[in-house]
Amino acid sequence: MTRRPYFSQADICTHKMSLEKLRGEIEAVDLEIMRLIKARMDISIKIAEEKAAVGAPTRDPERVEVVLNHVARQAELSGIDPGPIRNIFTTLIRMSESLQDKKRGSE
């Protein structure tokens, strides 16, 4: 039979407080990520306006690959698995394209 380590009530409270503090830090980072996504979407609207002005299509597969390769390289340099980063940025790009379609459709 394996004995479980003994944790005093004080240990449990300390770990609970530490866990709550760390979760609070994650929530703050999440809010910052959302703020940055909003900023990215605001820039996407400006890009839609520029594309419309020059008659460029919303979707630019070559540019998408450049962006995805760039963020994958940056992820690797940062010690982050590039696969999920590519997925996240694929989602962000799709969000941008959808927003640009809506913007251009309203003109």
Side-chain angles (χ1 to χ4, degrees):
M1 180 175 195
T2 305
R3 286 182 22 165
R4 287 198 254 173
Y6 172 76
F7 293 106
S8 70
Q9 198 63 25
D11 290 336
I12 292 170
C13 287
T14 299
H15 287 290
K16 185 176 181 181
M17 288 174 54
S18 177
L19 182 59
E20 288 174 8
K21 180 180 182 290
L22 292 169
R23 286 179 176 160
E25 290 177 24
I26 287 284
E27 288 175 6
V29 170
D30 289 347
L31 290 174
E32 181 67 8
I33 290 169
M34 285 188 284
R35 187 190 68 73
L36 292 170
I37 291 171
K38 170 72 167 98
R40 192 180 201 285
M41 294 304 114
D42 290 345
I43 295 167
S44 290
I45 291 170
K46 294 175 184 175
I47 289 172
E49 293 166 353
E50 291 297 317
K51 287 179 177 178
V54 299
T58 298
R59 282 154 186 76
D60 183 350
E62 290 178 19
R63 176 65 184 153
V64 169
E65 275 309 304
V66 167
V67 171
L68 294 178
N69 290 335
H70 174 74
V71 297
R73 277 194 308 276
Q74 293 303 312
E76 287 176 347
L77 292 172
S78 298
I80 300 171
D81 182 353
I85 295 300
R86 283 183 72 93
N87 293 340
I88 290 166
F89 275 85
T90 296
T91 298
L92 290 172
I93 290 166
R94 287 183 183 146
M95 288 172 63
S96 293
E97 290 171 343
S98 176
L99 187 61
Q100 288 178 28
D101 284 340
K102 288 178 186 172
K103 173 66 179 170
R104 293 179 78 170
S106 67
E107 293 179 351

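Numbers here simply count residues along the sequence, with the first being 1.
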Not counting sequence neighbours, which residues clear side-chain hydrogen bond (donor to acceptor under 3.5 Å, both in side chains) with [X]? List them please.
X     : result
Arg40 : Ser96
Glu62 : none
Asp42 : Lys38

* Interatomic spacing from CD in Gln100 to CZ in Arg104 - rounded to 0.5 Å -> 7.5 Å
* Structure fact -> OG of Ser44 to CD of Glu97, rounded to nearest 0.5 Å, is 9.0 Å
Results of salt bridge (charged side-chain N to carboxylate O under 4.0 Å, His left out) for [X] - residues two or more places apart only:
X     : value
Glu25 : Lys21
Glu76 : none
Glu32 : Arg35

* Can Asp60 and Lys51 be counted as an ion pair, charged N to O under 4.0 angstrom? -> no
* Asked: Side chains of Val64 and Arg59: closer than 4.5 Å at any heavy-atom pair?
  -> no
* Pairing residues for Ile88 by the side-chain contact (heavy atoms from CB on, under 4.5 Å) criterion, not counting sequence neighbours -> Ile85, Leu92
* What residues form a side-chain contact (heavy atoms from CB on, under 4.5 Å) with Ile26, not counting sequence neighbours? -> Asp30
Joint hydrophobic cluster, [X] plus [Y], side-chain heavy atoms closer than 4.5 Å:
X     : Y     : result
Met41 : Ile45 : yes
Ile80 : Ile37 : yes
Leu99 : Ile93 : yes

* Asked: Other hydrophobic cluster members with Leu36, side-chain heavy atoms of Ile/Leu/Val/Met/Phe/Trp/Tyr under 4.5 Å, chained?
  -> none
* Transitive ILVMFWY cluster of Leu77, excluding itself - 4.5 Å side-chain cut-off -> none
Sequence neighbours excluded and cut-off under 3.5 Å, please list the side-chain donor-acceptor pairs for residues 66-73, or say none.
{"unit_1": "Asn69", "atom_1": "OD1", "unit_2": "Arg86", "atom_2": "NH1", "d": "3.0"}
{"unit_1": "Asn69", "atom_1": "ND2", "unit_2": "Glu65", "atom_2": "O", "d": "3.2"}

